[in-house]
Amino acid sequence: MCGRFSLDHFPESVVTALIDAEIEFAPREEVFPGDRVDVVFCRDEGNEVAPMQWGWKRSFTSKPLINARSAGAWDKKTWAQALRNHRCIVPASGFFEWDENQPKGRRDKYRIEPAEDDGFAFAGLYEITVDGEMFMSILTTRPSPKLSEIHHRMPVILDRADYADWLGAGNRESLESMMQPLHDSKLRLIQESRSPDLFSV
DNA sequence: CCAGACGTTGTT
DNA sequence: GTCTGG
DNA sequence: CCAGACGTTGTT
DNA sequence: GTCTGG
């Protein structure tokens with residue numbers, strides 16, 4: 001991760017735990033960097049939903065910053081302020097990883113879904129430009145043991161009990177405790193496709 | 001993130 | 001190699 | 001003031 | 001482009 005995730009169904013339990021409102025929702029099988037998705041954030045004591053573009057733009061690189069390493073983000077000028085004041089939650093139905101043990105271009109694709117839920121809540125950071133456009137980046141952490149067999153990073157996924165604290169005025173210590181790998185028991189790995197040459201053997 | 005294009009004049 | 005589209 | 005970093009995943 | 005370090 002985290003270069004692609006899914007929203008093939010509305011992650012209702014995640015969103016209703018965050019906000020009590022009718023949500024505009026455009027399901028799509030896959031969400032790509034640069035796409036706009038609905039993101040939840042807190043402003044003036046109340047949670048809100050707004051479409052945000054995935055990836056922060058920076059002049060020093062042509063690639064949008066779609067991920068932020070949670071370890072160290074406190075000390076990086078790009079993320080520090082947002083980590084303190086502009087945290088958000090990105091609802092998703094799942095995400096994708098490619099098996100990095102295999103050569104690039106021939107990697108099996110895996111879909112990761114919640115084991116017993118209808119969605120994930122990615123921890124993210126957002127910024128608003130002068131013209132009011134909003135951009136978000138998804139925090140990453142170490143992989144859970146199961147995921148570590150195919151990939152060395154994973155998105156930060158929040159527990160339901162932490163949603164409010166994440167969006168509220170959390171202190172550094174409590175925020176750090178939320179940015180841990182999701183427990184293996186809360187995810188399912190599904191092989192989505194495999195390399196063509198594995199079939200031809 | 002990955003996959004696929006990336007180029008033109010001119011020909012079919 | 002690098003950019004674009006999905 | 002100038003020089004150099006700035007971001008990630010993945011690669012070397 | 002903007003911030004930091006020297």
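Below, read A as the first sequence line, B as the second, and so on, with proteins coming before strands; counting in each chain starts at 1. Owing to the predicted nature of the structure, the values given are computational and were not obtained by experimental measurement.
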What nucleic acid atoms does [X] come within less than 4.0 Å of, heavy atoms only: base, sugar-phosphate, or nothing?
X	value
A:Arg58	nothing
A:Trp79	sugar-phosphate
A:Lys104	sugar-phosphate
A:Glu30	nothing

Problem set entry | Residue pairs, two or more places apart or on separate chains, that pass ring pair (Phe, Tyr, Trp, His ring centres under 6.0 Å) and touch residues 154-183 of chain A |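 Not a single pair qualifies under ring pair (Phe, Tyr, Trp, His ring centres under 6.0 Å).
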Which value, in whole Å, describes the distance between the [atom1] atoms of nucleotides [N] and [M]?
N	M	atom1	result
D:dT9	C:dT4	P	23 Å
C:dG6	D:dC6	P	34 Å
D:dT11	C:dG1	P	13 Å
B:dC2	D:dG10	P	7 Å

Exercise. Would you say the side chain of A:Ile150 lies within less than 4.5 Å of the side chain of A:Tyr110, judging by non-hydrogen atoms?
Worked result: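 With C-beta onward as the side chain, the pair touches.
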Tell me whether the OP1 or OP2 atom of [N] has a side-chain N or O from [X] closer than 4.0 Å.
X	N	answer
A:His151	D:dG10	yes
A:His152	D:dG10	yes
A:Thr140	D:dT8	no
A:Lys63	C:dT2	no
A:Arg69	D:dT9	yes

Exercise. For A:Arg69 and A:Thr141, does a side-chain donor sit closer than 3.5 Å to a side-chain acceptor?
Worked result: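 No, no side-chain donor-acceptor pair sits under 3.5 Å.
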In whole Å, what is the span from the [atom1] atom of [X] to the [atom2] atom of [N]?
X	N	atom1	atom2	result
A:Asp35	B:dC2	CG	P	16 Å
A:Arg153	D:dT8	CZ	P	9 Å
A:Ile138	D:dG7	CD1	C1'	15 Å
A:Asn101	D:dT9	CG	P	17 Å
A:Glu29	B:dC2	CD	C1'	15 Å
A:Arg106	B:dC1	CZ	P	18 Å
A:Ile150	D:dG10	CD1	P	11 Å
A:Glu127	E:dT2	CD	C1'	13 Å

For this session: Kindly say whether the aromatic ring centers of A:Trp54 and A:Phe135 come within a distance under 6.0 Å.
Result: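 No.
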For this session: Report the residues that fulfil ring-ring contact (aromatic ring centres under 6.0 Å, His included) with A:Trp98, sequence neighbours left out, ordered by chain and then residue number.
Result: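 A:Trp98 satisfies ring-ring contact (aromatic ring centres under 6.0 Å, His included) with no other residue.
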For this session: Step through the shown structure and confirm whether more than 12 heavy atoms of other residues, nucleotides or ligands are within 6.0 Å of CZ on A:Arg142.
Result: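 It does not: A:Arg142 CZ has 12 such atoms or fewer within range.
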For this session: Apply the test ring pair (Phe, Tyr, Trp, His ring centres under 6.0 Å) to residues A:Phe5 and A:Phe122: give CA-CA distance (whole Å), side-chain angles for both, the deciding distance (0.1 Å), then the verdict.
Result: CA-CA 10 Å; A:Phe5 63 92; A:Phe122 297 145; 5.4 Å; yes
With a 3.5 Å cut-off and sequence neighbours excluded, list the donor-acceptor pairs that the side chains of residues 25-34 of chain A form with protein atoms.
{"unit_1": "A:Arg28", "atom_1": "NE", "unit_2": "A:Ala26", "atom_2": "O", "d": "2.9"}
{"unit_1": "A:Arg28", "atom_1": "NH1", "unit_2": "A:Arg36", "atom_2": "O", "d": "3.4"}
{"unit_1": "A:Arg28", "atom_1": "NH2", "unit_2": "A:Ala26", "atom_2": "O", "d": "3.3"}
{"unit_1": "A:Arg28", "atom_1": "NH2", "unit_2": "A:Arg36", "atom_2": "O", "d": "3.4"}
{"unit_1": "A:Glu29", "atom_1": "OE2", "unit_2": "A:Arg111", "atom_2": "NH1", "d": "3.1"}
{"unit_1": "A:Glu30", "atom_1": "OE1", "unit_2": "A:Arg4", "atom_2": "NH1", "d": "2.9"}
{"unit_1": "A:Glu30", "atom_1": "OE2", "unit_2": "A:Lys109", "atom_2": "NZ", "d": "2.7"}

Exercise. Nearest to the side chain of A:Asn67, which nucleotide is it out of D:dT8, B:dC1, D:dG10?
Worked result: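 Closest nucleotide among those given: D:dT8.
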Exercise. D:dC6, D:dG10, B:dC1: which one has an atom nearest the side-chain heavy atoms of A:Thr78?
Worked result: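 Minimum distance to the A:Thr78 side chain belongs to D:dC6.
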For this session: Begin from the C-alpha positions of A:Arg58 and A:Glu127 and carry the test salt bridge (charged side-chain N to carboxylate O under 4.0 Å, His left out) through to its verdict.
Result: CA-CA 12 Å; A:Arg58 285 296 181 272; A:Glu127 68 174 0; 3.1 Å; yes
Exercise. Are any side-chain N or O atoms of A:Asn67 and backbone N or O atoms of A:Leu139, one a donor and one an acceptor, separated by less than 3.5 Å?
Worked result: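 No, the answer is negative, given that no donor and acceptor are paired below the 3.5 Å cut-off.
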Distances under 3.5 Å only, N/O to N/O: pair up the protein atoms with those of nucleotides 3-6 of chain E.
{"unit_1": "E:dC3", "atom_1": "O2", "unit_2": "A:Lys77", "atom_2": "NZ", "d": "3.2"}

Problem set entry | Residue pairs passing the side-chain hydrogen bond (donor to acceptor under 3.5 Å, both in side chains) test where at least one lies in residues 76-86 of chain A, sequence neighbours excluded |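 Applying side-chain hydrogen bond (donor to acceptor under 3.5 Å, both in side chains) to every pair that reaches into residues 76-86 of chain A, excluding sequence neighbours, yields A:His86-A:Tyr126.
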For this session: Using both pair distances under 3.5 Å as the test, note the stems of at least 3 consecutive Watson-Crick or G-U pairs that include DNA chain B.
Result: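 Stems for DNA chain B, defined as runs of 3 or more consecutive pairs: B:1-6 with C:1-6.
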